[in-house]
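Residue numbers begin at 1 in each chain, while the letters A, B, ... track the order of the sequences. Not measured: the values here are computed from a predicted model.
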Amino acid sequence: MLGEIVKGLRTTFKYLFKKPVTVQYPEVKRPVRERFRGRHELKRFENGMERCIGCALCAAACPADAILVIPGENDPAHPNSPGERYAATYEINMLRCIFCGYCEDACPTNAIVLEHQYELAYYDRKSAIYTKEMLLVPPDKGHGEIPPILQELNRRPSPPAQIDL
Amino acid sequence: MPDVTLTIDGKTVTVPAGTNIVDAARAGDVAIPVFCYHPKMKAVGMCRMCLVEVYTPKIDPATRQPVIGADGKPELALMMNKLQAGCVTPVSDGMVVKTVGERVEFAQRGVLEFLLTSHPLDCPVCDKGGECPLQNLTMEWGPGNSRYDYADKHHNVKPVALGDLIYLDRERCILCARCVRFQDEIAGDPVLGFDNRGRNWEIISKSEPAFDSKFSGNTTDICPVGALTSSDFRFKARVWELRSTPSVCNHCSVGCDISIDMRYNDLMRVMPRENDFVNEIWTCDKGRYGMRHIMSGERLKTPMIRRNNAWVAATWEEATRYVADRLTLVRANYGANALGGLAGAHLPNEDLYLFGKLFREVLGSNNIDHRRGTPDEPTALDDLPNILGVGAGTNLTTLGKGTAVLVIGADPEEEAPLYVLRLRGIADRGGDLTVVNSYPTKLARFAKSAVTVRPGAEAAFVQALLGAIFAEGSANEALAARLRGADELKRSVSGKPLADLAAAAGVAEATIRAIASSFVAAENGIIVYGRAAVGAGPALTQALANLALVGGKAGRANNGLIALTAEGNTRGALDMGVRPDRGPGGAAVTAGMSAREMWAAAKADTLKGMYIAGMNPAKSNTAVAEALSQLEFLVVQDLFMTETAQLAHVVLPVATVAERDGTFTNAERRVQRFQQARRAEGEAPADWSLFQEVARAVQAMAPASPTAAPAKKSAKARAAESNTAVAVAAPPASWDYLVSSDIADEISARVPGYKGTSYTSLELTRKSWGRQPNESFYYDGTSYENTEGVGVQLPALADDGKSVFQLAYREPAPAAADEQFPLTLLTVVRAYDGGEWMRGSKLVPRTVPAHVILSVADAQQLGVGIGEPVRISSAAGTLELRAQVDAGLSAGVVLLPLVKGADLASVLTGPQTRVSVAKA
C-alpha cells in the first residue's frame, strides 16, 4: 500500500520539476509538423500565375465532396493560369473537408496545398465555404514548391508535376 | 453472303464473309483496340493500332490445296509474314487470329508510343479527358513512359478554329481522319481535308465559311482524342461531373434521341443518343447547339397580366383564374365559336391532347389548330402517313440494295437534316435514291437520278410515273386485292399517252420509265415528301398514295410514305386532334376554324378570344399582329416575350422540353419519351398543367355549362379518386392529372393507334450493336448507348391486312400562264431560321438576313447582281429584299427563305405565289 503511494508520488515529483508541456493556447501556439494538414491554399507560379488550371481532379478525388470547381476559358491576352483552362470558381466547404489530403495528391500542378493553419471556426455554415479569393495566396508568396521536409529527404512530391500547358 | 468460320484467341466465331477482323473479334467478345476504324465508315487502316497476328492455312502452290501437317490439321502461316491491321483485313475460312501475345503487344505499345511522341500531356485541361479513347487505350495497352526527348516535342498554337463551332488542337490530333471521313462519307459535306506533310500534317477546313456543315458537331463525338472540341462545351465542365438525362429533340420531325448533360441545374451539352430507328448515333448541329434557349436569361419567369397597358406580375392561381374568367366572359357574350386556340406543333403529345380537350370539352369550341395560318400554308391538312405511312418496324439503317426511295418536293437538309444522312446511307448501301424537286437540294447530289420539275408540275410527274407503270403493265399485285377503284384510276391515267404525261411534267419519257420501273421492281419502296410537296396540293398527295398502292409499297415494314412535317411534333398534333377538322385519333367533330380562318375572323371581329400556346404567329407577319391586337382577350403561353406575347392580355411562362416529361411522335410515327433534366426557373409548369388549371377554373365558374360536355373519366382517374376519397364536384372529375403519364395513359386508351405507347413500353430497348466487350461503345468516341428506350412505332392503318384503299384520280391543275406575274415564288424553310429556339445558341451567327433567291437567267434578265435589292410584287402586295443568285435554280422560280427579318407573309398568296420581280 505504502509502496504504491511512494511509487505514485515519485512520478508526481519527477514531473514537478520538469518544464510543463501545457501550452497557454491561444496566447501561445505550438508549431505544427511540417506535414501537418490544415487549411488549403492555392499556390502560384513564380511569375505570379495561378497554379490551379481548373481541372477539377481535386473535386473528383475528394471523398467528402467538399470541393466545387467551375472551369472557365483563359483570355489569351490576360491568362489567369498557364494553358487554356482556369478555375473560374473554386470553393471548399471546410465543414465537409476531412483534411485527408487527397486533393493534394490529385493535383497535377501542386496548386492546392494543405497548409498549417488549423483555426477554422465559423458563426454560420455559409462562412465555412472558402472561396477562391480566400484560398489563393498573394502573388508575391507561396509558389507551391517542394516542401522542406521532402527537400531534406531528397524526394519530390507525388505526382511529379510535368504537364504541357 | 456465306458465313466464314475463324478462330480468334482460341474462340471460334462465324461471321458473314467480308467482315473485317476487328468486327469479327467483337462477335467473339474480344476487344481489339482501334483509333481510326469506325464501324459507320469505311476502314482505312491509318492508325495501325489494330495490328494482330493473322494465320491462314498454307496452300500448296502445286495442288492449290491446304497443306496438312503431321498432326492432321492444316498447316498455318503468318499472313505476309508480319502483323496485319485488323480493320482492313477481311476474314477468311480457317483463319486463326491472335490479338494477344508478345509480338502484338510490342506492336501496340509501339504504335501508342509513336502517337504519344508529340501528344501533349494536358489531359487535366483537355475537354475529352475522362471519355478519351487515347487515355483509355494508353492505360490498357500503352507504355508507362516515353523514350522521346521532351524537348523534341512538337508545339503548335493551341486551338485553331476549324469553324465557329469546332476548334482544332493540332498537338492532340493523331490524324486518324475520322472527322474527314465522316464529312466525306456520311455527312456529305466534304469540307475537311489534310494539309502539309510529315510532322506538319494537319486537318484544315476547305470551305468558306469555315466548316460549313450542319453535322459538324458529330466530328467531336467520333474524334478519338481531344483534338476537336465544340465551342459550345469548351471548358464548361469535366465529363464525369455530368448527369445525363434521356431526351428527344423537337426541332424537326426526325425526333433525334439526345442526351441532355446537366451539371447541377445548368445545361452543359447535348449529345446524340444511339437509336438505329431514328438517328443512328448522330444528331445535327441544330439539335446539338439549339438547346441553349432553355438556359436563357430572357425566359419568362412569372405569369403577367396586362392592366392599364402595363405588365403586372401575378401569382399562378391569380393568372389562371383570370384567364378562365375572361375566356368564360367571351364565351358568355359571343358564344363558344368566338374562341380560338393555337398550339405549336413542337409541344409534346400530352400538352396537345389536353389543349384539344380544353377547347372541345370545356370551352366547347372546335376552333383549334397547330398551324400558324400563314398564306403559304396549304389549305388542306395532310394526314396521309396515318394511313400509308411506313409500316411498324421500319428501320432505314438496315435498308440498302433492293430499296427504292423517292424523295419528292422536300429539302431534307433544311427541313429535317438527319434524313440527309439516313437517305444517303440507303443510297450508299446500294439503294435507288430518286430526288424530285423544283429547286436544287443537297440530297440530289447522292441520288441515282435527280429530277427538276417545274413548280406545280409535281403531281403531273407522279401521274406520269403511274402512267409508265400502267403502260408497262408492271403494277405490283401485292396489294391488288385491297384496292378499290384501280380500274378507274388506270383508265383515267392511261387516257393520255405517256409522252403527253411526261411532257406535262416537263421530264423526259425515258427518265419517267426508268424511275417508275426501278420503284416498282424494288423489294422495298419509300416515298419521302416534304413541304413543297404538301404545298403542291392534294392532287400530288393523292397521286403519291396511288403510286405507293399501285407499286405495292405500303402496309409493311420499310414501305410507305414519310412526310417531313413542318415542326417536331406535327404528327402528334394531327393525331391528338389539334386541328379544326378532326378530334383525337381522327374522331369526327363539327369542323371549326383553321388558323387562317381565325385570322380572318379576328379581323372581321367575330373571333374575340384566343389561347395561343407555344407559337409565335405574329413573327414576320404584320397582318396577324393586327388581327391579334383586335382581340378582346388573348392569352399567350410561351417561353419568351415573343412578338405574339407582347400583344397578349395574359402571358403564362412554361417549362421547356428539358424541364418536364412527355412524348413526341416523329415523321415515321415513332413515339418517343423524354424525361425531365432540370427544374424550370420560377417553377414554370408544363403546358398541360396550365391547360388543366384553366380547365378546372372554367368548370368551377360554370359548373352547369351546357357546352362543357361531361367528360368520361379515365379508369386511372376513377381509381385515384376512390383511393384518396377526395370530395369531387361532378364535372371537373376528369381534370385530375398529376403527372404526364396520367395523360399518356388516357391517350393510349382514347386515341386509336397509341394503344401500345405507355411510358413503360416506350422505355424498352434492344441489344445495342455498338457495345464492345471492354465497355466502350462504337469503338470509342463519345457516343451514348441507348438504355432508356427506343420508342414505339405506331402502325399505319395500311398495316392492318384487312384494310382496303380507295384509289382516286385527281387531275393535276394545269399551269396557268400569267402575264402580270411571270415568276413562281416558293417559300423554303431554313434550318437556322432565327426562331425562339436559337436564343443563346452558338448558331446565331449562321442565320442570314431575309433575302430572295433568283435563278441566273432571271437575275441576268433583270440586271440584278448578288446582294442588290429587288422588289417582289404579287397579288397580295410588294416586298423589297436583297437578291441572291443560285446557279442551280431553273428560270422562272424564285425562292423566299423563311428567316427572320422581313414581313414575308405580305407577298404570299399560297404555297406557290405568282410574282413579278423588278430591280428596286
Side-chain angles (χ1 to χ4, degrees), chain A residues 42-43 45 49-63 65-91 93 102-112 129 132 144 156-165, chain B residues 116-132 134-135 144-146 148-161 167-173 225-227 229-243 262-269 842:
Chain A
L42 286 174
K43 302 294 189 185
F45 285 107
M49 271 204 195
E50 291 166 19
R51 275 181 173 263
C52 177
I53 51 170
C55 70
L57 289 173
C58 48
C62 183
D65 200 8
I67 306 178
L68 169 75
V69 183
I70 296 175
E73 185 168 7
N74 266 324
D75 173 8
H78 305 283
N80 296 49
S81 64
E84 295 165 276
R85 185 192 285 265
Y86 80 106
T89 303
Y90 193 104
E91 288 176 358
N93 186 340
Y102 283 10
C103 47
E104 280 181 304
D105 288 355
C107 186
T109 57
N110 291 338
I112 190 162
I129 295 172
K132 189 178 166 191
R156 286 171 60 79
S158 157
Q162 186 181 55
I163 56 174
D164 299 330
L165 295 165
Chain B
L116 293 172
T117 51
S118 251
H119 195 86
L121 277 171
D122 66 348
C123 300
V125 172
C126 177
D127 274 325
K128 199 84 171 184
E131 52 179 14
C132 175
L134 183 62
Q135 263 185 341
N145 45 32
S146 175
Y148 201 69
D149 187 356
Y150 187 78
D152 279 352
K153 274 205 171 185
H154 197 58
H155 287 286
N156 273 313
V157 177
K158 259 302 191 187
V160 288
Y167 283 86
L168 168 68
D169 188 321
R170 289 166 294 174
E171 292 179 5
R172 293 182 196 148
C173 180
V225 292
T229 47
S230 94
S231 65
D232 192 54
F233 180 60
R234 274 172 74 80
F235 311 118
K236 282 243 160 56
R238 303 314 304 264
V239 292
W240 56 83
E241 298 167 337
L242 302 176
R243 180 171 48 83
M262 307 286 299
R263 188 178 184 206
Y264 306 114
N265 206 31
D266 296 340
L267 172 70
M268 290 290 137
R269 66 174 180 183
K842 296 271 182 200

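Looking at B:Cys126, only its backbone comes within 4.5 Å of chain A, counting heavy atoms on both sides. In this structure, chain A has no heavy atom under 4.5 Å from any part of B:Asp266.
The choice from A:Gly54, A:Pro71, A:Pro76, A:Ala56 that makes the most heavy-atom pairs within less than 4.5 Å of chain B is A:Pro71.
Here the closest heavy-atom approach between residue A:Ala60 and residue B:Trp240 is recorded as CB-NE1, 3.4 Å. For the residue pair B:Pro159 and A:Glu84, the shortest heavy atom distance occurs at CG-OE2, 3.3 Å.
A:Glu73 and B:Lys158 are not joined by a salt bridge, as no carboxylate oxygen comes within less than 4.0 angstrom of a charged side-chain nitrogen.
Atoms CZ and CD1, on B:Phe235 and A:Ile53 in that order, are 10.0 Å from each other to the nearest 0.5 Å. Interatomic distance, B:Arg263 CZ to A:Leu68 CG, rounded to the nearest 0.5 Å: 5.5 Å.
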